[in-house]
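Working notes, beginning with the structure itself.
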Amino acid sequence: MSKIIIYGDIDLLPLYIRVDGGKEIAVTGKYPRSLTISPGTHTIFATTVSKMERIANNLSDGGFVDTMAQSLQNSTNTTLAGELTFDSEDVLLIQVEQKGLKTNVYNKLMSETEANDYIHMDQVVEYGGKEPGQKNKWVALLLCLFLGFLGAHRFYEGKKGTG
């Protein structure tokens, strides 16, 4: 299966991505995220411009909204869109980079072994999966309810000082 891997400053800024006109998802987190897609030709849309900003860009009333839309169009965010053909083991790397007030988004299609030169592939987390070291919230809640007076939930979360 092919992959799209998003990395870089996604812990600061989400990347909004849509594949083949499907549901748009916001990708964020401390570790690189991956989306698995089937080999073939896919239409990819990725941007750091929030949905609210994009809606405002399309509004026009000849006054305040136009002024707001114009400022958003001149914003420092980046959008990538296009059609790519993936082979069975291809990886599309999308890097989000914050430089001062400007956000840059770069992309590169390559093999998984080439991608390892850019990021540590063993750190990549499947979209929707837990980051390394992340604890289960339900377990923490149950520990809080039943053993909270002992601080068991704080120990579970690795916060030994307050446990």
Taking it one step at a time, do Thr28 and Leu15 satisfy side chain to side chain contact (heavy atoms under 4.5 Å, CB included)?
CA-CA 7 Å; Thr28 187; Leu15 180 79; over 6 Å; no
Test side chain to side chain contact (heavy atoms under 4.5 Å, CB included) on Leu93 and Tyr106; report intermediate values, then the result.
CA-CA 8 Å; Leu93 284 182; Tyr106 307 101; over 6 Å; no
For Val96 and Val27, run side chain to side chain contact (heavy atoms under 4.5 Å, CB included): C-alpha distance rounded to whole Å, both residues' side-chain angles, the deciding distance at 0.1 Å, then the answer.
CA-CA 11 Å; Val96 179; Val27 181; over 6 Å; no
Full working for side chain to side chain contact (heavy atoms under 4.5 Å, CB included) between Leu92 and Asn107
CA-CA 7 Å; Leu92 173 64; Asn107 67 324; 4.0 Å; yes
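Note on Ile6: it does not cluster hydrophobically with Met110, by side-chain heavy-atom contacts below 4.5 Å among ILVMFWY residues. There is no path of hydrophobic side-chain contacts, each under 4.5 Å, that joins Leu109 to Val124. Tyr127 and Ile4 fall within the same hydrophobic cluster, where Ile, Leu, Val, Met, Phe, Trp and Tyr residues are linked whenever their side-chain heavy atoms come under 4.5 Å apart, directly or through other members. Cluster annotation: Ile94 is not connected to Tyr16 through the hydrophobic network of ILVMFWY side chains, with a link wherever side-chain heavy atoms come within less than 4.5 Å. Both Val19 and Leu84 belong to a common hydrophobic cluster when Ile, Leu, Val, Met, Phe, Trp and Tyr are linked at side-chain heavy-atom distances under 4.5 angstrom.
Counting all heavy atoms, side chain and backbone alike, Glu89 lies closest to Ser2 at N-OG, 4.5 Å. Considering every non-hydrogen atom in both Thr41 and Asp20, the closest pair reads O-OD1, 4.3 Å. Here the closest heavy-atom approach between residue Gln98 and residue Leu13 is recorded as OE1-CD1, 2.6 Å. Across all non-hydrogen atoms, the minimal contact from Asp90 to Thr85 is OD2-O, 4.0 Å. Scanning all heavy atoms of the two residues, the minimum distance from Tyr31 to Ile10 falls at O-CD1, 3.6 Å. The two atoms that bring Ile37 and Met1 nearest to each other are O-CE, 3.6 Å, heavy atoms only.
Counting heavy atoms from C-beta outward, Leu80 and Ile44 have side chains that stay 4.5 Å or more apart. Between Ile5 and Met121 the shortest side-chain heavy-atom distance falls below 4.5 Å.
Rounded to the nearest 0.5 Å, atoms OG1 (Thr48) and CG (Leu12) are 12.0 Å apart. Of the inter-residue distances, the one linking Arg18 atom CZ with Thr43 atom OG1 reads 11.0 Å to the nearest 0.5 angstrom. Remark: Ile25 CD1 to Arg33 CZ distance equals 10.5 Å, nearest 0.5 Å. With rounding to the nearest 0.5 Å, the separation of CD in Glu112 from NZ in Lys3 is 4.5 Å. Distance check: Tyr7 OH to Glu97 CD gives 9.0 Å after rounding to the nearest 0.5 Å.
Around the OH atom of Tyr118, the shell of radius 6.0 Å holds no more than 12 heavy atoms that belong to other residues, nucleotides or ligands.
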